[in-house]
Amino acid sequence: MLKVENIDVFYGNIQALREVSLEVNEGEIVTLIGANGAGKTTLLKTLSGLLKPKKGKIEYLGNSIAGKAAQGIVKSGISQVPEGRRVFANMSVEENLDLGAYLRKDRDGIKRDMERVYELFPRLLERKSQSAGTLSGGEQQMLAMGRAIMAKPKLLLLDEPSMGLAPLMVQTIFSIIKEINEAGTTILLVEQNAHMALSVAQRAYVIETGKVVLSGDAKELQESDEVRAAYLGGL
Ligand code: ATP
């Protein structure tokens with residue numbers, strides 16, 4: 001579904017990604033794990049059209065999308081939940097969800113997806129008229145995910161959904177990630193919480209200072225000495 005081949009991405013003269021290659025197949029949850037500053041967000045921003053690779057290829061459903069405008073990429077079915085959630089604080093929960101569907105015209109489909117979001121996140125239904133800025137961190141994460149679902153993505157890009165959340169909320173968010181995937185959405189999940197990410201993903205890539213250093217089956221990586229020492233606190 002998504003094939004990234006040898007991309008280099010720069011911020012001015014600073015190189016943030018070096019010959020990064022990865023693949024996501026339809027139906028999978030693939031995770032990209034790595035420490036602070038490794039280049040995870042940079043990769044997602046490149047996939048969603050906010051940054052342009054200097055070199056390399058990005059193919060999505062057989063078409064090249066490297067350097068394409070962000071709006072066109074959303075239209076083609078890729079939707080991103082940014083790091084730090086970024087909901088529209090002064091708008092209500094429901095208005096935020098509506099905005100997620102702004103490129104769609106299928107009113108019945110939009111209504112069905114809104115119901116589905118409220119089924120996945122009953123907490124949002126209880127708070128649908130509340131302004132988004134007054135939601136808790138976990139609720140804002142739910143809203144950011146709900147808004148991305150409203151775009152009806154084929155491929156959902158999640159940037160550190162566990163960041164700053166209490167352990168119980170992290171578990172809730174991850175079980176919803178699994179549910180969204182089981183209902184047919186392919187997911188690329190970027191995480192520092194390697195333990196949780198490797199437990200929901202089928203395959204994983206490890207990125208260090210802009211380079212993919214390891215990749216493979218998530219369960220196998222979870223058991224590898226290298227990953228355990230560096231990312232799982234020696235567990
Ligand atoms: P974190 O988990 O801390 O969000 P990350 O893996 O997502 O980290 P990125 O945000 O992709 O890391 O950053 C990769 C590198 O690019 C870092 O060295 C960072 O300082 C640099 N970088 C990110 N954004 C910019 C920018 N706008 N201008 C210059 N350098 C940047």
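Whatever order the structure lists ligands and atoms in, that order sets their numbers, starting from 1.
- Applying the side chain to side chain donor-acceptor pair (under 3.5 Å) criterion to Thr134, with sequence neighbours excluded, gives Gln130.
- For the residue pair Thr31 / Glu191, no side-chain donor-acceptor distance below 3.5 Å is found, with atom types taken as modelled.
- Between Gln192 and Asn36, the side chains place a donor N or O and an acceptor N or O closer than 3.5 Å (distance only, hydrogens not considered).
- Residue-level contacts of ligand 1 at the 4.0 Å heavy-atom threshold are Tyr11, Ala16, Ala35, Asn36, Gly37, Ala38, Gly39, Lys40, Thr41, Thr42, Glu83, Glu160, Gln192.
- The side-chain contact (heavy atoms from CB on, under 4.5 Å) test with Leu44 is passed by exactly one of Val190, Val81, Ile78: Val190.
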Does the side-chain hydrogen bond (donor to acceptor under 3.5 Å, both in side chains) test come out yes or no for Ser48 and Gln80, once each step is laid out? CA-CA 7 Å; Ser48 52; Gln80 187 181 346; 2.5 Å; yes
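- Of the residues Lys211, Lys57, Lys55, the one that meets the salt bridge (charged side-chain N to carboxylate O under 4.0 Å, His left out) test with Glu19 is Lys55.
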